[in-house]
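What follows is a set of notes on a single structure, which appears directly below.
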Amino acid sequence: MSLPTSTVQADPQWWRRAVVYQIYPRSFADSNGDGIGDINGIRERLPHLAALGVDAIWINPWYPSPMKDAGYDVSDYRDIEPVFGTMADAEALIAEAHAAGIRVVLDIVPNHTSDQHRWFTAALAAAPGSPERARFIFRDGRGVDGSEPPNDWMSEFGGPAWTRVTEADGTPGQWYLRLFAPEQPDVNWDHPDIREEFEQTLRFWFDRGVDGFRIDVAHGLVKDEDLSDINGLPFPLPDDTPDGVEHPHWDQPGVHDIFRSWRRVADSYDGPRVFCGEIWVGRDHRLTAYLRADELHTAFNFNFLMAPWLAAPLRATISSTLAAHVAVGAPATWVLGNHDVCRPVSRYARPQELLQPGFPNLQPYLALPADIEAGRRRARAAALLSLALPGGAYVYQGEELGLAEVEDMPAEARQDPIFAGTGGANVGRDGCRVPLPWTPTGDSYGFGPDGGAPTWLPQPAEFGELAASVQDGDPASVLTLYRTALKLRAGHPALGDGELEWLEAGDAVLAFRRDPGFACWVNLGSEPVALPDGATLLLASQDLIDGRLPADTAAWLAL
Ligand code: GLC
């Protein structure tokens with residue numbers, strides 16, 4: 001089946017410069033009042049996305065799921081979770097988005113299934129050593145009676161990465177690997193059934209007109225043959241790691257073969273069908289190894305997301321990102337947030353010199369004082385920076401409203417398995433997943449109809465004043481800033497894919513030129529700075545002061 005006739009077919013290289021809007025469907029818009037967002041809610045809000053001016057949407061998993069990890073525990077890859085709607089709703093959304101010129105990217109979860117997937121229930125029912133178990137990673141335990149996990153690998157959500165099963169005769173049995181929640185067993189990518197199943201799943205959705213996939217935990221699929229112990233090896237591996245030293249379950253060299261095969265599937269379709277990898281590997285050259293011409297099209301640039309709001313490290317990460325991407329001919333992406341990390345407003349609200357390297361969900365930030373107004377200024381400037389850099393950009397729902405992380409959610413409201421898995425030591429990711437405000441009043445600020453069930457995560461009172469309808473038409477709002485920036489970006493020949501040239505503007509300023517005739521200046525210092533003579537202001541993230549660029553402000557200039 002080919003795409004419906006629409007503007008989405010126009011540019012075969014669209015993914016090299018696209019602005020992709022991430023929809024977390026549980027929290028975007030609730031059409032039926034059950035407190036959980038759904039596909040028809042997305043359909044109703046397509047005008048918001050069209051007015052924003054995004055090129056594509058990426059929708060987090062919408063497949064049938066017991067929801068032990070908000071849909072990242074998939075029990076059937078080729079159907080729709082009833083809470084989100086029906087296959088007919090999904091097909092209507094794809095058609096309507098395409099008609100609005102918006103491409104549709106889904107989220108595929110190939111590292112693990114749900115423990116309710118038919119293959120895993122069959123594996124549990126079958127005996128050790130059976131063909132059913134071979135599709136997952138079952139091993140005997142170590143120690144007396146096999147009562148210790150098979151190796152020292154740890155779950156991302158806390159505790160050992162292994163769960164012990166009870167065999168059919170009632171005795172404690174083998175262990176299975178699960179790098180995330182116990183309900184998310186890792187599959188065995190050495191098994192031909194797994195390869196076949198996922199390629200069929202890609203085709204299933206490509207046949208329904210889907211334009212691409214975000215690939216969950218793309219760097220995790222292949223495990224070291226011997227499942228050898230980690231023995232304290234850090235990950236990401238440090239920059240000076242000698243060649244040949246590999247982590248036993250992240251970024252194993254064998255993973256590339258899987259994506260070469262996926263690329264052949266994508267390339268067998270008319271119209272570009274594209275991939276974006278979720279790949280946390282640290283070192284740039286290991287990221288861009290996934291972006292060689294016969295592998296993935298793009299990958300999230302998490303180094304940019306993790307960089308503090310300080311000129312030197314930001315410039316360094318931008319430069320090294322671009323150099324590594326140019327080397328493989330792939331476009332960079334610029335990412336400020338997603339459903340796993342603390343919202344940028346709240347990250348940038350912290351004293352940036354005090355940030356420690358590490359996974360940027362809310363927990364590490366809680367110990368640092370927050371100046372949310374400063375965070376908002378910086379997030380506005382960061383938006384203009386990210387949209388001016390060469391390549392594509394991602395906007396996570398709510399960034400266009402300037403939402404901050406919800407930091408004070410009561411423990412009993414928290415749903416993220418990280419919270420329970422760490423015994424509350426890590427608050428987890430719920431604070432960036434709170435349902436969006438669309439209107440200033442109403443039971444759920446317009447997220448769902450009045451009189452419906454409470455929202456699945458509670459919304460804070462300040463969400464009302466940040467609602468989309470409040471910001472609509474307000475020239476000073478974050479929403480207006482994003483709309484204006486996206487419109488300028490779409491129409492400016494210098495923006496999107498291409499190159500940049502750094503300009504000298506002092507240690508606290510990031511300034512670069514893009515041809516023809518465009519410059520971006522970002523003031524990360526504490527004093528206003530002069531802009532270049534003769535430049536015309538196109539857009540700024542705050543008003544200029546006597547023609548000077550204030551602290552924590554970005555400007556787009558015509559040269
Ligand atoms: C990815 C997802 C995250 C999920 C995890 C396990 O990191 O973005 O939300 O919990 O994979 O699937």
Side-chain angles (χ1 to χ4, degrees), residues 20 22-28 37 58-75 77 81 105-117 120 136-137 153-159 161 163 177-187 189 198 201 213-221 223 235-236 249-251 255 275-282 287 290 299-302 305-306 333 335-343 358-363 394 396-397 405 414-422 426-434 456-457:
V20 183
Q22 180 190 349
I23 293 183
Y24 195 70
R26 296 180 76 75
S27 299
F28 186 69
W58 146 38
I59 304 169
N60 289 93
W62 62 6
Y63 319 107
S65 166
M67 298 289 166
K68 300 297 181 190
D69 183 22
Y72 283 97
D73 48 324
V74 180
S75 52
Y77 290 84
E81 162 61 38
V105 173
L106 300 185
D107 199 325
I108 191 161
V109 188
N111 182 67
H112 42 264
T113 64
S114 159
D115 64 349
Q116 299 306 308
H117 190 282
F120 192 73
F136 295 87
I137 303 175
W153 298 3
M154 297 296 287
S155 160
E156 290 301 289
F157 293 168
T163 294
L177 179 70
R178 44 83 177 183
L179 291 175
F180 293 89
E183 300 86 356
Q184 292 171 299
D186 284 51
V187 299
W189 271 93
F198 278 96
T201 296
F213 286 92
R214 176 259 190 194
I215 305 170
D216 191 59
V217 199
H219 58 307
L221 310 191
K223 279 79 182 178
F235 197 83
H249 68 70
W250 294 136
D251 196 26
V255 78
F275 297 115
C276 182
E278 187 215 16
I279 301 168
W280 296 86
V281 290
L287 181 74
Y290 290 77
F300 296 107
N301 178 1
F302 294 126
L305 181 156
M306 289 192 286
T333 66
V335 184
L336 295 173
N338 64 32
H339 64 292
D340 291 328
V341 304
C342 178
R343 283 196 177 272
F359 193 80
N361 72 10
L362 173 60
Q363 188 61 41
Y394 279 81
Y396 173 48
Q397 66 180 40
E405 184 86 359
R414 292 201 175 275
Q415 310 269 336
D416 185 354
I418 290 182
F419 183 68
T422 61
N426 188 322
V427 291
R429 303 162 292 181
D430 294 309
C432 62
R433 300 175 173 180
V434 176
W456 74 280
L457 290 172

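All residue numbers in this chain count up from 1 along the given sequence. One-based numbering, in listed order, for ligands and for the atoms of each.
Looking only at protein heavy atoms, the nearest one to atom 7 (O) of ligand 1 is Glu278 OE2, 2.8 Å. In terms of protein heavy-atom proximity, atom 9 (O) of ligand 1 is closest to Asp340 OD1, 2.6 Å. Scanning all protein heavy atoms for the shortest distance to atom 10 (O) of ligand 1 gives Asp69 OD2, 2.6 Å. Closest to atom 5 (C) of ligand 1 among all protein heavy atoms lies Phe180 CE2, 3.8 Å. Nearest protein neighbour of atom 2 (C) of ligand 1, counting heavy atoms only, is Asp216 OD1, 3.1 Å.
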Task: Evaluation steps, side chain to side chain donor-acceptor pair (under 3.5 Å), between Gln184 and Asp69 - done: CA-CA 8 Å; Gln184 292 171 299; Asp69 183 22; 2.9 Å; yes

- [ ] I would like to know whether Arg214 and Asp107 meet salt bridge (charged side-chain N to carboxylate O under 4.0 Å, His left out); could you show each step before the answer?
- [x] CA-CA 5 Å; Arg214 176 259 190 194; Asp107 199 325; 3.0 Å; yes

Open item on the list: Is there a ring-ring contact (aromatic ring centres under 6.0 Å, His included) between Phe120 and Phe136? Walk through the geometry before answering.
Closed with: CA-CA 8 Å; Phe120 192 73; Phe136 295 87; 4.9 Å; yes

Task: Verdict with supporting geometry, Tyr396 and Trp58, ring-ring contact (aromatic ring centres under 6.0 Å, His included) - done: CA-CA 9 Å; Tyr396 173 48; Trp58 146 38; 8.0 Å; no

Open item on the list: Determine whether Asn338 and Tyr24 satisfy the following criterion, side chain to side chain donor-acceptor pair (under 3.5 Å), listing intermediate values before the conclusion.
Closed with: CA-CA 9 Å; Asn338 64 32; Tyr24 195 70; over 6 Å; no

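Every atom of ligand 1 with a heavy atom of His112 under 4.0 Å away is listed here by number and element: 6 (C), 12 (O). Under a 4.0 Å criterion applied to the non-hydrogen atoms of Val217, ligand 1 contributes the atoms 1 (C), 11 (O). In the vicinity of Arg433, heavy-atom distances shorter than 4.0 Å reach the ligand 1 atoms 9 (O). Against a heavy-atom cut-off of under 4.0 Å, Phe157 is close to the following atoms of ligand 1: 10 (O).
By the 4.5 Å heavy-atom criterion applied to side chains, Phe300 and Trp280 are not counted as neighbours.
Between Arg429 and ligand 1, a contact under 3.5 Å exists for at least one N or O pair.
Contacts of Glu156 with ligand 1, taken as heavy-atom pairs under 4.0 Å, are absent altogether. When heavy-atom distances to ligand 1 are checked against a 4.0 Å cut-off, Phe359 has no atom that comes that close, whether in backbone or side chain. With a heavy-atom cut-off of 4.0 Å, Lys68 does not touch ligand 1 at all.
Between the side chains of Asp73 and Tyr63, not a single donor N or O lies within less than 3.5 Å of an accepting N or O. No side-chain N or O of Arg433 forms a donor-acceptor pair with one of Ser27 less than 3.5 Å apart.
For the pair Thr333 (side chain) and Ala299 (backbone), a donor-acceptor distance under 3.5 Å is present.
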